[in-house]
Amino acid sequence: MKLRLASPAHLVDLNFIRKLSYVEKDGTALRFGALTRHSEIEASPVAQQIPILHDCAAGIADVQVRNWGTLGGSLAEADPSGDWAPVLLTLSTKAHTVGPKGERSVPLSEFFVDAYTTALAPAELLREIVVDIPPPKSGGAYLAFKRCAPVYATASVAVQLTMEDKEVCHKARIALGCVGLTAIRPREAERALEGRAVTQKAIYAAAAAARAAAEPQPDSRGSVEYKRSLVAALTRRAIQIALRRSRGERVEVSHIYA
Ligand SMILES: Cc1cc2nc3c(=O)[nH]c(=O)nc-3n(C[C@H](O)[C@H](O)[C@H](O)COP(=O)(O)OP(=O)(O)OC[C@H]3O[C@@H](n4cnc5c(N)ncnc54)[C@H](O)[C@@H]3O)c2cc1C
């Protein structure tokens with residue numbers, strides 16, 4: 001609204017619906033109320049069961065933004081630079097919505113239609129986000145490169161691996177943020193890891209494929225070539241951290257600042 005991208009005739013404040021703010025474990029899934037703040041996810045021991053969620057929540061802007069911004073608002077806004085979309089696209093995530101026509105469950109892969117455009121119908125609200133807990137031998141990592149804390153990232157990469165054993169990757173999910181109109185799944189990069197030993201060679205092949213799949217725009221944050229190079233470097237690092245986590249190692253990560 002501040003940027004005059006939207007000029008609504010009426011505003012409805014959802015903040016009074018307190019029951020829409022929670023983080024819960026439900027069997028093999030985690031459930032997040034749409035109004036859950038980034039800082040609540042950052043502090044939640046329940047959310048830490050999926051470490052990539054903590055990587056994301058803890059790195060969003062600064063304390064002020066994390067205390068006010070909500071998971072549901074971030075997804076509904078569908079900003080191409082938002083942190084949650086790439087992270088949640090590497091996991092099995094569903095968006096539960098409610099509207100005049102009833103309730104729907106939308107896979108997150110179908111939720112983002114375009115920049116600032118989602119599958120939400122007019123008058124439809126995001127009610128809950130449900131994330132399946134990855135199976136054993138899984139690990140993920142989210143890295144974003146930022147100029148400073150309160151700004152959106154220049155590029156970001158989320159990686160979630162499920163391993164067959166310590167070396168061979170069973171399933172790889174990779175998503176790129178800030179380098180397209182929506183978060184991008186570089187399928188060739190995923191294929192460079194799946195069914196193979198995650199060697200340095202395989203990691204470099206995946207990073208090269210991620211670099212090729214990125215569709216960055218040149219802007220004040222950097223040129224197209226610069227952003228592609230960032231994507232490759234972040235992909236390599238995120239795969240290495242995801243691999244270590246899949247082996248049970250505790251690895252702390254934070255965003256990378258210029
Ligand atoms: C200075 C600044 C820096 C930021 N930096 C980052 C960053 O680094 N990374 C990042 O990921 N984000 C960042 N953000 C975004 C922030 O994290 C918020 O998530 C985002 O601004 C949305 O805010 P909100 O949750 O209050 O939603 P609102 O601003 O209230 O809503 C955003 C949009 O979503 C709609 N909406 C909200 N909730 C729902 C719902 N439950 N159902 C349907 N529609 C809904 C609203 O109608 C509106 O169109 C930044 C924001 C600011 C102001």
Side-chain angles (χ1 to χ4, degrees), residues 1-22 31-42 52-90 93-106 108 111-130 142-158 175-180 182-183 221 234 254-258:
M1 285 164 57
K2 190 178 76 177
L3 297 174
R4 305 292 186 264
L5 294 171
S7 307
H10 304 285
L11 276 180
V12 179
D13 190 352
L14 304 180
N15 280 298
F16 300 100
I17 315 176
R18 292 188 189 278
K19 282 187 179 169
L20 274 186
S21 180
Y22 55 85
R31 313 182 85 91
F32 298 87
L35 280 193
T36 311
R37 315 278 161 181
H38 310 311
S39 58
E40 290 173 308
I41 300 173
E42 179 185 5
I52 196 172
L53 298 179
H54 184 265
D55 296 347
C56 179
I60 290 176
D62 49 26
V63 173
Q64 190 183 14
V65 170
R66 292 200 291 275
N67 280 342
W68 275 110
T70 64
L71 176 58
S74 177
L75 296 177
E77 190 174 34
D79 188 312
S81 301
D83 285 295
W84 281 114
V87 167
L88 292 176
L89 283 171
T90 65
T93 306
K94 286 203 176 71
H96 290 184
T97 71
V98 60
K101 292 184 180 167
E103 302 205 6
R104 289 197 297 153
S105 175
V106 184
L108 205 68
F111 185 78
F112 301 107
V113 175
D114 206 339
Y116 304 104
T117 310
T118 69
L120 284 171
E124 199 174 30
L125 287 178
L126 197 47
R127 184 174 62 80
E128 185 180 63
I129 295 91
V130 181
Y142 178 62
L143 292 176
F145 183 89
K146 299 183 121 189
R147 291 167 299 157
C148 60
V151 300
Y152 285 94
T154 305
S156 67
V157 177
L176 316 177
C178 315
V179 288
T182 60
R221 296 172 191 161
L234 292 172
S254 80
H255 289 353
I256 300 158
Y257 296 97

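Both counts, for ligands and for their atoms, begin at 1 and track the order of listing.
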Practice item. Evaluate whether atom CZ of F16 has more than 12 neighbouring non-hydrogen atoms of other residues, nucleotides or ligands under 6.0 angstrom away. Key: no
Check your understanding: Are the charged groups of E124 and R104 less than 4.0 angstrom apart, N to O?
Key -> yes
Exercise for review: Give the residue and atom name of whichever protein heavy atom lies nearest to atom 6 (C) of ligand 1, and the separation in Å to one decimal.
Suggested key: Y152 CE2, 3.5 Å
Review point. Which ligand 1 atoms does P150 reach within 4.0 Å, using its non-hydrogen atoms?
Key: 1 (C), 3 (C)
Revision key, fill the gap. For atom 52 (C) of ligand 1, the closest protein heavy atom turns out to be V65 CG2, 3.9 Å
Point to revise | Modelled atom types, side-chain donor and acceptor of H38 and W68, under 3.5 Å | key: no
Practice item. Determine whether the side chains of T36 and Y22 contain a donor N or O and an acceptor N or O closer than 3.5 Å. Key: no
Check your understanding: Counting only heavy atoms not in K94, do more than 12 sit closer than 6.0 Å to its NZ atom?
Key -> no
Review point. So is there a nitrogen or oxygen of L126 less than 3.5 Å from a nitrogen or oxygen in ligand 1?
Key: yes
Exercise for review: Consider ligand 1: state whether an atom of it lies below 4.0 angstrom from any non-hydrogen atom of L71.
Suggested key: no
Study note, to complete from the structure: For atom 39 (C) of ligand 1, the closest protein heavy atom turns out to be L14 CD1, 3.9 Å
Practice item. State the OG-CG distance between S254 and L143, to the nearest 0.5 angstrom. Key: 8.5 Å
Review point. Which residue and non-hydrogen atom of the protein lie closest to atom 17 (O) of ligand 1, and at what distance in Å?
Key: H38 NE2, 2.8 Å
Revision key, fill the gap. So for R127 against ligand 1, with non-hydrogen atoms under 4.0 Å, the contacting part is neither
Point to revise | K146-ligand 1 polar pair, N/O distance under 3.5 Å | key: yes
Check your understanding: Among A95, A153, G73, P8, whose heavy atom sits nearest atom 38 (N) of ligand 1?
Key -> G73
Exercise for review: Please check atom 45 (C) of ligand 1 for a protein heavy-atom neighbour under 4.0 Å.
Suggested key: yes
Exercise for review: Using atom types as modelled and distance alone, determine if a side-chain donor or acceptor of S81 lies under 3.5 Å from a backbone N or O of A153.
Suggested key: no
Check your understanding: Mind checking whether T97 and L120 have side chains closer than 4.5 Å, heavy atoms only?
Key -> yes
Study note, to complete from the structure: Quick look: L120 vs ligand 1, heavy-atom contacts under 4.0 Å, and the answer is side chain
Exercise for review: Pick one of side chain, backbone, both or neither for how L20 approaches ligand 1, counting any non-hydrogen atom pair under 4.0 Å.
Suggested key: neither
Revision key, fill the gap. In this structure, atom 26 (O) of ligand 1 is nearest to the protein heavy atom W68 O, 4.1 Å
Check your understanding: Can you tell me the protein heavy atom closest to atom 5 (N) of ligand 1 and the distance?
Key -> A61 CB, 3.3 Å
Review point. At a non-hydrogen distance cut-off of under 4.0 Å, which region of A34 contacts ligand 1 (side chain, backbone, both, or neither)?
Key: side chain
Review point. Do any nitrogen or oxygen atoms of D83 lie less than 3.5 angstrom from nitrogen or oxygen atoms of ligand 1?
Key: yes
Check your understanding: Does the N or O separation between E124 and ligand 1 drop below 3.5 Å for any pair?
Key -> no
Check your understanding: Side chains of S21 and E40: do they bring a donor and an acceptor to under 3.5 Å?
Key -> yes
Practice item. Between S74, P86, A6, A76, flag the one that comes closest to atom 36 (N) of ligand 1 by a heavy atom. Key: A76
Exercise for review: Using atom types as modelled and distance alone, determine if a side-chain donor or acceptor of D114 lies under 3.5 Å from a backbone N or O of T117.
Suggested key: no
Exercise for review: For R66 and A61, indicate whether the former's side chain and the latter's backbone hold a donor-acceptor pair under 3.5 Å.
Suggested key: yes
Revision key, fill the gap. of all protein heavy atoms, closest to atom 23 (O) of ligand 1 is G69 CA, 4.4 Å
Exercise for review: Considering heavy atoms of the protein only, find what lies nearest to atom 22 (C) of ligand 1 and give residue, atom and distance to 0.1 Å.
Suggested key: E77 OE1, 3.6 Å
Exercise for review: Enumerate the atoms of ligand 1 whose separation from the nearest heavy atom of G82 is less than 4.0 angstrom.
Suggested key: 11 (O)
Study note, to complete from the structure: The atoms of ligand 1 lying under 4.0 Å from a heavy atom of V151, numbered in the order shown, are 8 (O)
